[in-house]
Amino acid sequence: MKWILVAGARPNFMKIAPIYKEIQAHPEITPILVHTGQHYTPEMSDVFFKQLHLPEPDIDLEVGSHSHAVQTAEIMIRFEKVLIQEQPQLIIVVGDVNSTIACALTASKLKIKVAHVEAGLRSFDRDMPEEINRILTDAISDYLFITESSARQNLLCEGIPEEKIFFVGNTMIDTLVSHLPISKQSRILDTLHIKEKQYVLVTLHRPSNVDHQEDLSPIIDVLGKIAGYLPVVFPVHPRTLKQMETFGLDLSKLISVPPLGYYDFLELMSQARCVLTDSGGIQEETSILGVPCITLRENTERPVTVELGTNRVVGKNPDKIMEAFIYVYQNSSEKKIEIPLWDGHAAERIVKELVSSHGAFL
Ligand code: UD1
């Protein structure tokens, strides 16, 4: 059997790596790793392949950065040629980025089975490009692997048949669990002259927070105020860097650094007093690490991180952000979190399910 695994943007690499590794235990399956090239710079892509022990991609579509339509269309044009050439029985896509929907749609039109990992998450906010990608990918996928129980309800409400839905856990957490020990070798705290539990970690890249000066500028101001309490470490995403340069924003009160590799970032996350973010995956990772997370968004598609984890969704109002930070600063306590099936074995469940149903797509 030939299976194609698709990865395109930074968060995809952590989600696909344990699935790739698990497939290697099955000699009857030939995995083909396709990188769409949505993320392509060394710090957004190569470092993750190395640190997660992923091989060089078998095929790199080298699509690069463009508008949504051009990026999605270019991936489809290039991926269709790969599918025609390779004739796989199945493709596996992860997450909610443009590469996810582009490859799922291309395969689906060629009647190749599609497995979507991290299906069913919904923010109910269609202004987010990822929400459109999630809804469309789920509508055309054959196997929907979900990370939390809210996803089942969302999918059922959209008319997805129950028998296509599999609750398997979270492959991003598989990667976290297996790499936490090696991340302890990172010297990033020394390099940045910070001490455990004595700094705040920030990430920002959502268009709704960074693309307009009237949104980004007040967020940077409130981060400056937080830096009056604890050092604020800010690995800056390329999109955010571009916008900050355009708007001429002053980052001098923060410890801003380029995007970091997986080990350094995991170490920084696990030792932070709290994390402020607009990322999806970081809401999940901080929950499992027991580190308080303040989410600078109006909603989350990952409600389990609020119900059982460490997440507080506060939006982008500076007063609310400050209020949440002060609360966490004054009330920090270590919390042992357990979320159903976030146990490091999601990839095993996914591959087992796909192998046992393989008769359906041979
Ligand atoms: C994309 C995903 C988002 C995900 C995020 C993680 C979509 C719609 N968005 O957003 O869901 O959370 O990745 O990072 O798929 N750039 C580089 N180097 C790279 C790639 C991009 O410098 O390797 C710069 C380019 O200037 C580009 C900008 O970053 O224009 C944005 O990249 P893009 O992939 O379009 O979107 P992200 O904001 O990264």
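Whatever order the structure lists ligands and atoms in, that order sets their numbers, starting from 1. For this chain, numbers begin at 1 and follow the sequence in order.
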### Query
Does any N/O atom on Arg10 come nearer than 3.5 Å to any N/O atom on ligand 1?
no
### Query
Looking only at protein heavy atoms, which one is nearest to atom 14 (O) of ligand 1, and how far off is it?
His237 NE2, 2.9 Å
### Message
Checking the N or O distance criterion of under 3.5 Å, is ligand 1 in contact with His66?
### Response
no
### Message
Do the side chains of Arg187 and Glu267 get close enough for a salt bridge, i.e. N-O under 4.0 angstrom?
### Response
no
### Task
Given salt bridge (charged side-chain N to carboxylate O under 4.0 Å, His left out), test Lys320 with Glu323 step by step and report yes or no.
CA-CA 5 Å; Lys320 294 225 169 98; Glu323 194 184 312; over 6 Å; no
### Query
Considering only the protein, which heavy-atom contact is closest to atom 33 (P) of ligand 1, and what is its distance?
His39 NE2, 4.1 Å
### Tyr262 and Phe13: CA distance, side-chain angles, deciding distance, ring-ring contact (aromatic ring centres under 6.0 Å, His included) verdict
CA-CA 10 Å; Tyr262 189 68; Phe13 309 137; over 10 Å; no
### Task
Number the atoms of ligand 1 from 1 as they appear, then name those within less than 4.0 Å of a heavy atom of Glu130, with their elements.
3 (C), 9 (N), 11 (O)
### Task
Give a yes-or-no answer on whether the side chains of Thr100 and Asn133 include a donor-acceptor pair shorter than 3.5 Å.
no
### Task
Evaluate the salt bridge (charged side-chain N to carboxylate O under 4.0 Å, His left out) criterion for residues Lys15 and Asp96: first the C-alpha distance (whole Å), next the side-chain angles of each, then the deciding distance (0.1 Å), finally the verdict.
CA-CA 11 Å; Lys15 293 170 193 169; Asp96 54 17; 5.4 Å; no
#### Entry: Atoms in ligand 1 with a heavy atom of His205 nearer than 4.0 Å
4 (C), 5 (C), 6 (C), 12 (O)
### Task
Please identify which atoms of ligand 1 are closer than 4.0 Å to at least one heavy atom of Lys242.
26 (O), 30 (O)
### Query
Do you see a donor-acceptor pair shorter than 3.5 Å between the side chains of Gln38 and Asn98?
no
## Note on the structure
Quick note on ligand 1: atoms under 4.0 Å from a heavy atom of His68 include exactly 8 (C)
#### Entry: Ionic contact status for Lys352 with Glu348, cut-off 4.0 Å
no
### Query
Mind checking whether Pro11 has a heavy atom under 4.0 Å from ligand 1?
yes
